[in-house]
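Here is the structure we will look at.
Remember, predicted model here, so these are calculated numbers, not experimental data.
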Amino acid sequence: MGGCLSGDLKGGKQAIGGGVHGRSTMNNDTGHNEAIHHFYRVRGHSPLFTQIELSLSASNLRDLDITSKSDPMAVLYVKKMDGTLEELGRTEVILNSLNPAWIDKIHVAYQFEIVQNLVFHVYDVDTKYHNIPVKALNLNEQDFLGETTCVLSEIVTKSNRTLTLNLHGKNGPGGSRNFGALTVHAEETFLSRITVEMKLCCSQLDNVDMFSKSDPFLRISRQTEDGNHVPIYKTEVINNNLNPVWRPLYLSMQQFGSKDDPLLIECFDFNSNGNHVLIGQLHKSVSELEKLHKDRSGANLILPSHRGQEKVLKGQLFVDQFIEKEHFSFLDYISSGFEINFMVAIDFTASNGTPRNQDSLHYIDPSGRLNSYQQAIMEVGEVIQFYDSDRRFPAWGFGGRTYDGTLSHCFNLNGTNAYEVEGVQGIMAAYASALHNVTLAGPTLFSHVISMAAQMASQATSNGITKYFVLLIITDGVLTDIQETMDALVRASDLPLSILIVGVGNADFKQMEVLDADGRRLESSTGRVATRDIVQFVPMQEVHSKSCGQISVVQALLEELPGQFLTYMRSRNIKPLHLVFVSCASLHASVEEQITALKIELLQEVHGSKAKETSWNYANEPLALEVLTHNILASFKLPKLVYNGTSDLEDHLAHYHHHMNILGDGEHTVTEMVEFLVLDHLTAYNAIFNSPIMRMTKMVVVTFCMMVEFSMPTRKG
């Protein structure tokens with residue numbers, strides 16, 4: 001196997017897979033995107049599907065390089081009904097290999113009722129592009145190695161879920177030329193919060209280099225049901241070291257399966273030509289690696305021979321650190337009531353053109369046809385308001401002369417002292433009004449609005465408010481304070497803030513791509529490196545272009561937000577807002593005591609420590625309670641339960657207490673069913689009211705579920 005490459009120029013020596021640099025892939029930071037899926041699901045647009053993870057490998061690829069071997073990368077498309085190809089994902093680039101086994105997986109939503117035609121392309125990536133993130137590579141500039149097609153159901157219906165396909169040229173199968181073969185292995189993914197952080201090291205490795213010491217790296221593979229191995233992680237290379245200590249690695253349960261499943265751990269000596277030499281290997285499960293850590297002992301590497309015999313080596317593997325962590329997903333935070341607040345900034349610089357002229361990006365068409373900014377506000381607004389907690393947006397303009405003739409790079413869009421507007425229509429109204437009262441000027445400066453957004457995020461953090469902020473900047477792309485903007489972004493990278501830049505018009509957006517520093521971190525003028533990536537750039541023209549596979553606006557906008565959000569939360573060890581009924585429900589307390597304790601805890605959380613149970617009031621959201629109780633009854637065919645918002649809830653529910661005891665479907669425990677009810681009906685509230693979860697709704701659902709007797713087994717009900 002060749003060296004793995006994922007976007008920086010290190011000659012394939014960097015780590016890849018398994019959540020490099022502390023980012024766990026188990027929460028779908030890549031592949032399946034929870035934010036996108038949740039957006040569609042709540043609107044009833046999401047069909048039943050199963051998430052499938054595809055592992056790719058190839059053999060006998062064509063060698064198009066003169067002095068070395070090809071550097072292959074695979075790209076997966078799905079062929080749509082109109083014949084166009086929509087890209088689903090790319091693997092990493094593997095250096096100097098004609099038989100690559102890619103580590104990066106590609107996620108596909110398998111829908112059994114739809115014929116999903118998959119198209120695989122394999123490219124040889126030119127060396128001069130090795131410092132570019134794979135998703136930013138222009139495929140037209142790479143050498144084509146071959147393609148193949150299949151239907152997704154062909155893979156998943158195989159007994160071992162593995163399918164090997166012959167590659168062919170662009171003219172289709174046939175001909176005498178051998179393009180090699182592509183093997184696809186499918187596994188159903190599952191959500192798991194469990195992540196293992198390990199720090200591995202070796203001692204007294206054999207030296208297999210002639211003029212220097214070995215350059216070791218580890219490759220970790222999971223065994224499939226048919227006995228083959230699928231690589232899931234590769235460490236970085238340690239140069240000239242027989243006692244290497246690698247950076248911590250992160251593996252999710254989704255990647256390694258059960259803690260008792262064996263993993264193949266191979267230690268190689270890195271060679272730039274791709275011919276890595278096996279130093280030794282061993283089979284250990286995660287549980288066994290944990291035991292090595294606890295016992296502070298090592299495990300000897302083994303070198304297999306062609307005769308089936310094994311040579312036990314003096315080199316040993318040690319586990320210096322083993323931490324089992326619980327990592328929450330993006331939806332864990334959102335469904336717990338975690339608040340996201342969006343802010344909007346609109347470009348009023350002269351480069352947009354005079355609003356009175358029809359060729360201006362700000363031209364208001366009397367016929368009602370939306371200009372580029374209005375279209376972006378409407379399309380983007382539909383997405384961002386879905387995840388905004390109160391749908392009140394701080395809205396600013398920049399680069400224009402305001403009502404009093406002052407040039408401002410951050411002014412309130414509505415022309416008043418209040419910077420917030422109500423919903424998307426409020427943004428549209430404030431924007432239209434500003435065009436009549438603001439003179440387009442310049443230059444284009446982002447640093448002011450970014451600093452304003454950062455100030456709001458900083459104030460919330462200082463006051464202990466658990467919110468996450470997203471600043472949406474809509475611009476025509478001609479930026480004049482690039483360094484000041486980078487400085488502001490680096491400072492803001494420590495805050496609960498993401499920057500979403502939407503480009504409109506036909507301008508050159510290369511500056512925006514610099515700010516969207518995929519694969520590397522921004523650096524300020526003082527040399528400080530950003531704590532994390534907080535910028536995402538979306539050119540609306542490309543989103544609407546058929547040549548890009550008609551990427552949906554939703555997908556383009558939410559592509560990176562969950563990952564940026566989770567990176568911040570995990571780095572600060574911030575957990576989702578707790579589901580209070582778990583913490584206050586005692587198996588030994590009566591139902592009445594549990595409810596009383598719940599009331600007091602919730603009231604104290606909302607109103608302060610002096611709140612008492614007598615302050616409880618259900619009248620805030622009687623309609624929400626009616627909907628939620630109706631859904632619970634409909635789900636489990638319990639007698640009709642109507643709450644009119646006036647009588648005491650405990651007395652009202654007491655008449656139905658015996659019905660709650662049979663809650664369940666005969667297969668799940670009562671505790672699991674309670675958890676299902678809470679999650680499912682918070683989602684139901686979203687769907688019906690088209691707004692985020694309110695704290696009062698959580699109180700109602702939790703109180704209702706408290707009537708369940710947690711300790712009893714379920715019966716068919």
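Aromatic ring centroids of H276 and F270 lie under 6.0 Å apart.
With 3.5 Å as the limit, one finds a donor-acceptor pair spanning the side chains of T164 and T183. D209 and S214 share no donor-acceptor pair across their side chains, judged by distance under 3.5 Å alone. At a cut-off of 3.5 Å, with distance as the only test, no side-chain donor of S97 or N99 sits close to an acceptor on the other residue.
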Could you check D260 against S287 for side-chain hydrogen bond (donor to acceptor under 3.5 Å, both in side chains), going step by step and ending with a plain yes or no? CA-CA 6 Å; D260 296 322; S287 293; 3.1 Å; yes
Checking side chain to side chain contact (heavy atoms under 4.5 Å, CB included) for the pair L200/L317: CA distance, chi angles, key distance, verdict? CA-CA 7 Å; L200 304 179; L317 174 75; 4.2 Å; yes
L303 vs L278, test: side chain to side chain contact (heavy atoms under 4.5 Å, CB included). Steps then yes/no. CA-CA 8 Å; L303 190 63; L278 179 65; 4.2 Å; yes
Between S70 and L145, is the side chain to side chain contact (heavy atoms under 4.5 Å, CB included) condition met? List the steps. CA-CA 9 Å; S70 295; L145 292 177; 4.1 Å; yes
Worked verdict on Q142 versus Y129 for side-chain hydrogen bond (donor to acceptor under 3.5 Å, both in side chains): CA-CA 9 Å; Q142 316 308 322; Y129 299 112; 5.2 Å; no
Could you go through the side chain to side chain contact (heavy atoms under 4.5 Å, CB included) check for E87 and Y77 one step at a time? CA-CA 4 Å; E87 184 176 326; Y77 304 87; 3.9 Å; yes
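The nearest pair of heavy atoms linking S68 to N96 is CB-OD1, 3.1 Å. Contact detail for K284 and A299: the closest heavy-atom pair is CE-CB, 3.7 Å. Of all heavy-atom pairs between L289 and V319, the closest is O-CG2, 3.6 Å. Across V504 and S372, no two heavy atoms sit closer than the pair CG1-O, 3.8 Å. Of all non-hydrogen atoms in T531 and S493, the two that sit nearest each other are N-OG, 2.9 Å. The minimum heavy-atom distance between T148 and H168, with the atom names listed, is CA-NE2, 3.9 Å.
Each of E266, Q281, H229 was scored for a side chain to side chain donor-acceptor pair (under 3.5 Å) with R219, with one residue passing: E266.
A donor-acceptor contact shorter than 3.5 Å is absent between the side chain of T235 and the backbone of W246. Under the 3.5 Å distance criterion, the side-chain polar atoms of Q564 are left unmatched by any main-chain donor or acceptor of S498. The backbone N or O of D124 lies less than 3.5 Å from no partner atom in the side chain of D143, so there is not a single donor-acceptor pair.
The line from CG of L472 to CD1 of I474 is 4.5 Å long, rounded to the nearest 0.5 Å. Between atom CG of residue L242 and atom NZ of residue K213 there is a gap of 5.5 Å, rounded to the nearest 0.5 Å.
Classification of E560 and K135 as a salt-bridged pair holds, one side-chain N sitting under 4.0 Å from a carboxylate O.
Applying the salt bridge (charged side-chain N to carboxylate O under 4.0 Å, His left out) test to every pair with at least one member in residues 144-164, sequence neighbours left out, gives these pairs: R161-E225.
Residue-environment remark: NZ (K199) stays at or below the threshold of 12 foreign heavy atoms within 6.0 Å. Surrounding CG of N138 are more than 12 heavy atoms belonging to other residues, nucleotides or ligands, all under 6.0 Å away.
The aromatic rings of F537 and F509 sit tilted, their planes meeting at an angle between 30° and 60°.
No side-chain heavy atom of T162 sits under 4.5 Å from any side-chain heavy atom of I155.
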